[in-house]
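Take a look at the structure set out below.
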Amino acid sequence: MRIFSGIQPTGRKHLGNYLGAIRQYVDGQQRAGEQGGLAIFCIVDLHAITVAYDPAELRERTYDTAALLIAAGLDPERCVLFRQSDVPEQTELCWLLSSVTAHGDLNRMHQFKEKSEVQRELISAGLFFYPVLQAADVLAYRCDEVPVGEDQRQHIETMRDIAERFNARFADRGEILVTPEHRIPEVGARIMDLQDPDSKMSTTAASEEGTIYLLDEPETIKRKLNRAVTDSDDPPVIAFDPDKRGVSNLLDILAACKAISPDEAAAELAAARGYGDLKAAVSDAVIEMLTPVRERYEQLRGDETALEQILLRGAEQAREIAAVTLTEVRGAMGVGPVV
Ligand code: TYM
């Protein structure tokens, strides 16, 4: 079993990233270890340059993200953790795969539409091409499983199509590329903004009050949750119900923190007097979950030399695997000399 996922070194990582993705990375590392597989995690700096960004900040955020992933439980001795730009095989594969990627499929990507709408100066071709690089990330390692949040479902579908089209076109016998499966969690796959529960929690939200950052202090977490939008039902109804967006989001967060279902989380609050009790329960659970991550992060982030070494060693391991795939892909496509 081989697991791969990628995370962007942009903005400050938030509770949605943690519950939808980072926690599943740690679980994947554990399962891969038990089954003699491999878990590979990539900080995708080349994806981050597809929107407006500051070069010095990109480097800082890359270290922030590395420290955060380790603080959350990724262990560079038990998984491969690296920076995307250190593995040129991935960018080469991106170009090679462009020949089996349908322009029309890229045109239909929700994420491209959403992100291009908020770009003020330039909608880069890189933003349009983003899903092809994402496909190359995973396909270079012939991974079977990709832990992601719900918003990545369409990108995973596209990478599956690309792998299948490549195999149909270039693999005479069997398959060269592995068609991966997404692994989207049942609970916490789409955490919504606390101020606007119709939009997903993100770093680009209109107000910071709707986003819980992983490094927020407990008082900040408490304040943001206290002000979370619920509804005006009187008496208050604590139930997981699509018509109750704010309340359902809080139940989803609570359930994800406690590894139970949202209905079970609602049942635990049967004696609650109102939404205040629900918010307090969510605050306690989130603070308990994130405090150790924040504390470990603070110990790790200062030592950039150590973080750099971890990333470079991860890249060496990653390149060994990707190089084998690339040799086969080039050969099958008739690119370069016969080897
Ligand atoms: P990024 O950094 O934007 O997001 C990282 C992960 O966090 C998940 N996520 C959420 N989950 C639940 N609720 C939310 N509100 C929420 N917001 C974000 C995302 O689904 C993602 O899993 N395109 C990828 C990066 C990438 C990648 C890859 C992923 C590049 N190459 C290869 C998998 C495999 C992304 O969105 O990163």
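Read the numbers this way: they start at 1 and go in the same order the structure lists the ligands and their atoms. Values reported hereafter were calculated over all heavy atoms of this structure, with side chains retained and with hydrogens, waters and symmetry mates removed. Positions are given from 1, in the same order as the sequence printed here.
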Practice item. Please determine if Y25 has a nitrogen or oxygen closer than 3.5 Å to a nitrogen or oxygen of ligand 1. Key: no
Review point. Nearest non-hydrogen atom to atom 10 (C) of ligand 1 belongs to which of G16, G20, P9?
Key: G16
Review point. Tell me: protein heavy atom nearest atom 28 (C) of ligand 1, and distance?
Key: Q134 CG, 3.3 Å
Exercise for review: Give the contacting part of V146 toward ligand 1: side chain, backbone, both or neither, where contact means a heavy-atom distance below 4.0 Å.
Suggested key: side chain
Check your understanding: If you measure from each non-hydrogen atom of A189 to ligand 1, which part falls under 4.0 Å: side chain, backbone, both or neither?
Key -> backbone
Review point. Is the backbone of P147 close enough, under 3.5 Å, to the side chain of S5 for a donor and an acceptor to pair up by distance?
Key: yes
Practice item. Using distance alone, with no hydrogens and no angle criterion, decide if S199 and D196 have a side-chain donor and acceptor under 3.5 Å apart. Key: yes
Practice item. Calculate, to the nearest 0.5 Å, the distance between atoms CG and NZ belonging to D284 and K279 respectively. Key: 14.5 Å
**Study point:** Spacing of CZ belonging to R190 relative to CD belonging to Q152, to within rounding of 0.5 Å
**Key:** 10.5 Å
Review point. Below 3.5 angstrom, do we get any N/O pair linking E150 and ligand 1?
Key: no
Review point. Can the ring centres of H103 and F128 be said to be less than 6.0 Å apart?
Key: yes
Review point. So which heavy atom on M289 is nearest to which on C257, and how close?
Key: CE-SG, 3.7 Å
Exercise for review: Would you mind telling me if ligand 1 is within reach of the side chain of V148, the backbone, both or neither, using heavy atoms under 4.0 Å?
Suggested key: both
Check your understanding: With only distance considered, is V138 within less than 3.5 Å of ligand 1 through an N or O on each side?
Key -> no
Point to revise | Proximal candidate to atom 7 (O) of ligand 1 [heavy atom criterion; set N17, D252, I22] | key: N17
Exercise for review: Kindly say whether A140 contributes a backbone atom to a donor-acceptor pair with the side chain of T325 at under 3.5 angstrom?
Suggested key: yes
Exercise for review: With atom 2 (O) of ligand 1 as the reference point, say which of M201, M159, Q8 has the nearest heavy atom.
Suggested key: Q8
Practice item. Indicate, as side chain, backbone, both or neither, the part of I7 found under 4.0 angstrom from ligand 1 when only non-hydrogen atoms are considered. Key: both
Review point. So is G149 polar-close to ligand 1, meaning N/O to N/O under 3.5 Å?
Key: yes
Review point. Taking distance alone, with no angle check, do K200 and ligand 1 share an N/O pair under 3.5 Å?
Key: no
Study note, to complete from the structure: Looking at H155, H14, Q84, R183, the heavy atom closest to atom 17 (N) of ligand 1 belongs to H14
Study note, to complete from the structure: side chain to side chain contact (heavy atoms under 4.5 Å, CB included) test vs L139 passes for just one of I162, L96, I176, namely I162
**Study point:** N or O pair under 3.5 Å between S5 and ligand 1
**Key:** no
Review point. N/O of Q111 under 3.5 Å from N/O of ligand 1, yes or no?
Key: no
Check your understanding: With E217, which of R294, R223, K224 fulfils salt bridge (charged side-chain N to carboxylate O under 4.0 Å, His left out)?
Key -> R294
Practice item. For ligand 1, indicate whether the residue M192 contacts it via side chain, backbone, both or neither (heavy-atom separation under 4.0 Å). Key: neither
